[in-house]
Amino acid sequence: MSEERQPPSSHPGWGPLPPGHLPRPAYFPAGVAMGTTFIFWGIITSWIILVIGLGLFAAALAGWITEIRHERKHQ
């Protein structure tokens, strides 16, 4: 019988992570944050910046939702 060897933990009480799925890194949350910033900046300054912010926010949110739905479909 072969036993699985656990790597030594560097701190007392620490152990390996349980098996599980981690999502892929994505830039969409940063796009949503930048879109929100442009929206508020556009409210203060110009409608052109507001429209750019709305577009960026909508595109990043749609991409983020699409990525989440794609990941859940393949699990």
Side-chain angles (χ1 to χ4, degrees):
M1 217 189 256
S2 133
E3 286 187 41
E4 266 187 57
R5 291 192 73 194
Q6 299 292 332
S9 58
S10 59
H11 296 286
W14 285 22
L17 292 174
H21 174 73
L22 293 175
R24 291 184 350 203
Y27 292 106
F28 294 118
V32 170
M34 185 176 281
T36 304
T37 303
F38 273 55
I39 288 169
F40 286 113
W41 187 25
I43 290 171
I44 296 169
T45 59
S46 169
W47 66 272
I48 296 172
I49 295 173
L50 176 69
V51 170
I52 292 170
L54 286 171
L56 181 60
F57 181 85
L61 187 62
W64 197 3
I65 290 171
T66 302
E67 183 174 310
I68 290 170
R69 291 181 72 203
H70 181 70
E71 276 190 21
R72 288 191 182 196
K73 188 188 327 179
H74 291 288
Q75 281 185 355

Query raised in the report: With hydrophobic residues grouped by side-chain heavy-atom distances under 4.5 Å, do Val32 and Phe40 end up in a single group?
Result: yes
Report task. Supply the atom-to-atom distance Leu54 CG to Ile49 CD1, rounded to the nearest 0.5 angstrom. Result -> 12.0 Å
Query raised in the report: To the nearest 0.5 Å, what is the distance between CG (Leu50) and OG1 (Thr45)?
Result: 8.5 Å
Report summary line: Correct closest heavy-atom pair for Ala60 and Gly31 would be CB-C, 3.6 Å
Report summary line: On a heavy-atom basis, the closest approach of Pro29 and Ala26 is CD-O, 3.8 Å
Query raised in the report: Are Ile39 and Met34 linked, directly or through other ILVMFWY residues, by side chains that come within less than 4.5 angstrom of each other?
Result: no
Report task. Consider only side-chain heavy atoms of I, L, V, M, F, W and Y, link residues closer than 4.5 Å, and tell whether Ile44 and Ile52 are in one cluster. Result -> no
Query raised in the report: Rounded to the nearest 0.5 Å, how far apart are CG of Leu61 and CD1 of Ile65?
Result: 4.0 Å
Query raised in the report: Where do Arg24 and Glu71 come nearest, in terms of heavy atoms and distance?
Result: N-OE2, 3.4 Å
**Report entry** same_hphob_cluster(Val51, Phe38) at 4.5 Å side-chain heavy-atom cutoff
**Finding:** yes
